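Before any comments, here is the structure.
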Amino acid sequence: MTALVELRDVSVDYAGHGGSVSAVQNVSLTLGENETFGLVGESGCGKTTLSMALMGLLPSSARVTGQLLFRGQDLLAMSEAERRQQRGDELSMVFQDPATSLDPTFGIGYQVAETVRAHRRVSRGESKARALALLREVGIPAAESRYADPPHRLSGGMRQRVVIAAALANDPSLLLADEPTTALDVTIQAQVLDLLAELQRKHGTTILLIAHDLGVVAQICDRVGVMYAGQLVEVAPVVELFAAPRHPYTRALLEALPSRGRRGRSLRVIGGQVPDLSDPPSGCRFADRCPHRMDVCATVPPLVDSDSRRRIACWLDPATRATAGLPPLPAAPTPDAPIAVGPS
Ligand SMILES: Nc1ncnc2c1ncn2[C@@H]1O[C@H](COP(=O)(O)OP(=O)(O)OP(=O)(O)O)[C@@H](O)[C@H]1O
Ligand code: SF4
Ligand SMILES: [Mg+2]
């Protein structure tokens with residue numbers, strides 16, 4: 001796998017009046033060229049913060065440490081002007097709610113054409129032709145006659161297609177899609193995910209798909225990273241993660257799916273809550289909810305290669321234990337053992 005993005009020990013803290021919030025802690029992750037990678041976790045786990053760090057769009061209260069490499073170049077070492085240029089050339093983002101991405105007062109085609117013009121020095125006629133081509137590519141029916149329609153004349157799913165068309169205007173190498181289907185009903189969600197998968201295949205774009213729901217990422221992702229309270233706890237190919245989840249939090253997420261593969265459900269059925277990130281636990285952040293907690297869990301488990309395809313951060317795992325010179329547990333819970341999640 002050729003790396004497009006490499007995050008090394010990335011942490012993000014937000015400064016606030018009452019102290020700082022540790023939103024992302026020591027995340028290391030590689031996204032390959034042409035890969036569709038899913039990032040999942042409950043609300044407040046730091047998914048958006050991590051993607052905004054990649055985009056260089058965090059508020060000034062955020063402090064980012066570590067290394068964010070894009071094609072080997074450290075984004076944190078770039079000037080603001082260099083980052084803006086790089087963002088315009090290489091990155092695009094699709095958010096949850098198309099209503100906030102589109103201007104209600106302008107026609108959809110005009111808005112896509114303006115995005116084209118923001119990236120390329122082209123005439124109005126050329127930008128219109130390109131906008132029409134993009135609208136057709138994302139499946140807007142009768143694109144020419146809908147060109148001047150304002151967003152409210154379109155359904156939510158069609159509006160999200162328009163946002164995706166605009167996001168493709170710069171032919172990005174990396175498309176960050178932050179909960180792009182959460183606001184849509186289930187059938188439309190599947191269609192928008194299919195569209196993203198089709199565009200990925202056609203253009204070879206790397207996609208970072210953020211979702212609450214493992215069912216959503218399973219639709220189109222090659223690999224998945226599970227985040228919990230700012231920490232990346234497991235990374236694995238989707239198929240292997242579903243077949244044998246290893247981290248207790250991943251297993252709890254899978255158990256929270258009403259049926260494997262079903263989309264669009266909140267994961268809040270997992271007992272307990274994500275810890276307060278303004279005063280996070282000093283060890284494993286899942287410890288309060290974990291039925292397997294041990295003394296060693298008071299120390300943060302590092303994310304290590306469990307085998308050639310999987311990474312895991314849990315003191316149950318022999319590879320994590322080996323980093324601290326600990327022997328494998330005599331009766332480590334098997335991946336298929338039932339999961340009991342701690343009290344609310
Ligand atoms: N601008 C900010 N200032 C202070 N804290 C913030 C800010 N933005 C996010 N946070 C905090 O950082 C943590 C991570 O938030 P983030 O939005 O990245 O999570 P998320 O996984 O994207 O959640 P969701 O699924 O709800 O979108 C949360 O505790 C959140 O309250
Ligand atoms: S066993 Fe320990 S390290 Fe693993 S998830 Fe539970 S509390 Fe965290
Ligand atoms: Mg978010």
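Everything numeric in this text was worked out from a predicted model, so none of it was measured. Order of appearance sets the numbers: ligands from 1, and atoms from 1 within every ligand.
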Just which atoms of ligand 2 are under 4.0 Å from any heavy atom in Ala287? 7 (S)
Under 4.0 Å from one or more heavy atoms of Pro248, ligand 2 contributes atoms 5 (S)
Find all atoms of ligand 2 within a distance of less than 4.0 Å from any non-hydrogen atom belonging to Leu316, and give their numbers and elements. 1 (S)
Using a strict cut-off of 4.0 Å, indicate which atoms of ligand 1 neighbour a heavy atom of His212. 25 (O)
Heavy-atom gap Gly16 to ligand 1 smaller than 4.0 Å: no
If you measure from atom 13 (C) of ligand 1 to every heavy atom of Cys45, Ser20, Ala23, which option wins on shortest distance? Ala23
Polar contacts were defined as any N/O atom of the residue lying under 3.5 Å from an N/O atom of the ligand; does this apply to Ser61 and ligand 1? no
Is Arg87 salt-bridged to Glu80, cutoff N-O under 4.0 Å? yes
Shortest protein heavy-atom distance from atom 3 (S) of ligand 2, along with the residue and atom involved: Trp315 N, 3.3 Å
What residue and heavy atom of the protein are closest to atom 4 (Fe) of ligand 2, and at what distance? Cys314 SG, 2.3 Å
Measuring from the heavy atoms of Glu179, does anything fall under 4.0 Å of ligand 1? yes
Just by modelled atom types, is the Gln189 backbone N or O under 3.5 Å from a matching donor or acceptor in the Thr181 side chain? no
Once you restrict to heavy atoms under 4.0 Å, what part of Leu277 touches ligand 1? Side chain, backbone, both or neither. side chain
Yes or no: does Gly46 have any heavy atom under 4.0 Å from an atom of ligand 1? yes
Atoms of ligand 1, numbered as shown, that sit under 4.0 Å from any heavy atom of Pro59: 1 (N)
Any side-chain donor paired with an acceptor under 3.5 Å for Arg71 and Ser173? yes
Side chains of Val27 and Gln231: does their closest heavy-atom pair fall under 4.5 Å? no
Partner of Leu7 under side-chain contact (heavy atoms from CB on, under 4.5 Å), chosen from Leu54, Leu69, Leu75, Thr30: Leu54
Check this for me: does any side-chain nitrogen of one of Arg310 and Asp317 sit under 4.0 Å from a carboxylate oxygen of the other? no
Would you say atom 4 (Fe) of ligand 2 has His247 as a near neighbour, meaning an N/O/S atom of that residue under 2.8 Å away? no
Measure the shortest side-chain to side-chain distance between His119 and Arg130 over non-hydrogen atoms and say whether it is less than 4.5 angstrom. no
Between Lys128 and Glu114, is there a side-chain N and carboxylate O pair less than 4.0 Å apart? no
If hydrogens are left out, which of Pro281, Cys290, Cys284 has an atom nearest to atom 6 (Fe) of ligand 2, that is, the closest non-hydrogen atom? Cys290
Regarding Glu198 and Arg201, does a basic nitrogen lie under 4.0 Å from an acidic carboxylate oxygen? no
Gln200 versus Asn34: any side-chain heavy-atom pair under 4.5 Å? yes
Looking only at protein heavy atoms, which one is nearest to atom 2 (Fe) of ligand 2, and what is the separation? Cys297 SG, 2.2 Å
Report the part of Ser43 in contact with ligand 1, treating N, CA, C, O as backbone and CB onward as side chain, heavy atoms under 4.0 Å; options are side chain, backbone, both, neither. both
Would you say CD of Glu82 has more than 12 non-hydrogen atoms from neighbouring residues, nucleotides or ligands within 6.0 angstrom? yes
Out of Val274, Asp13, Val21, Leu39, the nearest non-hydrogen contact to atom 11 (C) of ligand 1 is supplied by Val21
The option among Leu58, Ile210, Asp276, Thr49 carrying the non-hydrogen atom nearest to atom 15 (O) of ligand 1 is Thr49
According to a hydrophobic-cluster definition based on side-chain heavy atoms being under 4.5 Å apart (Ile, Leu, Val, Met, Phe, Trp, Tyr only), do Val5 and Leu176 belong together? yes
